[in-house]
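Okay, so here's the structure we're looking at.
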Amino acid sequence: KSLFLVESTKIPGGEGGIMSAQLIDGKAISAAVRAEVKARTAEFSARTGVQPCLAAVLVGEDPASRVYVRNKGKACVEAGMLSRQIELPASTSEQELLDLVESLNADDSVHGILVQLPLPDQIDESKVIEAISPDKDVDGFHPVSAGRLLAGQPGFVACTPYGIMKMLDYEKVDIKG
């Protein structure tokens with residue numbers, strides 16, 4: 001079971017001085033969020049006739065990256081989305097990867113692009129991140145995506161901090177202070 005603890009902490013100058021601890025059940029929240037995403041995907045697809053598609057690109061044989069990409073594909077299918085997993089050898093050149101990203105950017109049937117990091121040494125990760133269209137940058141790593149976040153504009157955001165914020169929001173944890 002995935003449990004997180006918001007620790008008791010003495011807050012200098014705060015009212016009452018001590019916050020209480022609260023367990024957060026990450027698996028239960030994940031199940032609720034996944035059910036919501038599945039319902040929203042079904043509604044969107046019924047309304048528009050479009051089935052969202054995530055293209056996940058894996059370059060090389062990193063075992064942890066392989067598991068992560070596989071799990072993203074499973075999550076997409078469970079949510080009613082299409083998953084396109086593209087596996088490239090570790091010997092792939094930077095230009096070959098940039099060409100693939102450009103073709104995915106231009107493909108109207110692909111709505112999100114994830115290029116799994118780390119990349120092999122011969123590929124400049126920054127160039128690849130910047131090549132992904134900000135409108136398809138599901139990792140939220142493109143400088144335009146980061147700028148949209150900073151400006152409070154809609155766009156993709158990095159999944160880990162967003163997930164943490166969703167868990168805290170779901171549990172109504174007050175993070176002000």
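Just so we're clear, the structure is a prediction, and the values are computed from it rather than from any experiment.
Considering all non-hydrogen atoms of both residues, Ala79 and Val37 come closest at CB-CG1, 4.0 Å. Shortest non-hydrogen contact noted between Ala90 and Val59 is CA-CG1, 4.5 Å. Among all heavy-atom pairs drawn from Gly80 and Thr41, the shortest one is O-CG2, 3.7 Å. Minimum heavy-atom separation, Ser109 to Arg84: OG-NH2, 3.2 Å. Heavy atoms only, all atoms of each residue included: Gly112 and Val138 are closest at CA-CG1, 3.6 Å. Shown here for Val101 and Ile113, the closest heavy-atom pair between the two residues is O-CD1, 4.3 Å.
Residues satisfying the side-chain contact (heavy atoms from CB on, under 4.5 Å) test with Glu125, not counting sequence neighbours, are Leu117, Pro118, Leu119. Looking at residues two or more places apart in sequence or on another chain, you find a salt bridge (Lys or Arg N to Asp or Glu O under 4.0 Å) between Arg34 and Glu78.
Judged by a 6.0 Å distance limit and a 45° cone about the ring axis, Lys166 is not positioned over the six-membered ring of Tyr170.
Taking CD1 of Ile86 as the start and CG of Leu58 as the end, the distance is 10.5 Å to the nearest 0.5 Å. Interatomic distance, CG of Leu97 versus NZ of Lys127, reported as 12.0 Å (0.5 Å rounding). With rounding to the nearest 0.5 angstrom, the CD atom of Gln85 is 11.0 Å from the NZ atom of Lys72. Distance check, rounded to the nearest 0.5 Å: OG of Ser145 to CD of Gln153 gives 11.0 Å. With values rounded to the nearest 0.5 angstrom, Leu88 atom CG is found 10.5 Å from Glu61 atom CD. With rounding to the nearest 0.5 angstrom, the CZ atom of Arg40 is 12.5 Å from the OG atom of Ser45.
Cluster annotation: Met167 and Ile175 are assigned to the same hydrophobic cluster (Ile/Leu/Val/Met/Phe/Trp/Tyr, side-chain heavy-atom contacts under 4.5 Å, transitive). In the hydrophobic cluster analysis, where Ile, Leu, Val, Met, Phe, Trp and Tyr join through side-chain heavy atoms closer than 4.5 angstrom, Met165 is grouped apart from Phe156. Leu114 and Ile132 fall into different hydrophobic clusters, where Ile, Leu, Val, Met, Phe, Trp and Tyr side chains are chained together by heavy-atom contacts under 4.5 Å. A continuous path of hydrophobic side-chain contacts links Leu100 to Phe141 [ILVMFWY only; heavy atoms under 4.5 Å]. Ile164 and Val157 are assigned to two separate hydrophobic clusters, defined by single-linkage of ILVMFWY side chains at heavy-atom distances under 4.5 Å.
The backbone N or O of Gly26 sits nowhere less than 3.5 Å from a side-chain atom of Ser30 that would complete a donor-acceptor pair. Judged by distance alone, the side chain of Thr92 and the main-chain N or O of Pro89 form a donor-acceptor pair under 3.5 Å. With hydrogens and angles disregarded, no donor-acceptor distance shorter than 3.5 Å links the side chain of Gln122 to the backbone of Glu94.
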Evaluate the criterion side chain to side chain contact (heavy atoms under 4.5 Å, CB included) for residue pair Val57 and Leu104; output intermediate values, then yes/no. CA-CA 10 Å; Val57 180; Leu104 294 171; 3.9 Å; yes

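Put simply, the side chain of His111 reaches to within 4.5 Å of the side chain of Val50, judged on heavy atoms.
Within the structure, salt bridge (charged side-chain N to carboxylate O under 4.0 Å, His left out) pairs that include any residue of residues 130-143 comprise Asp135-Arg148 (at least two apart or interchain).
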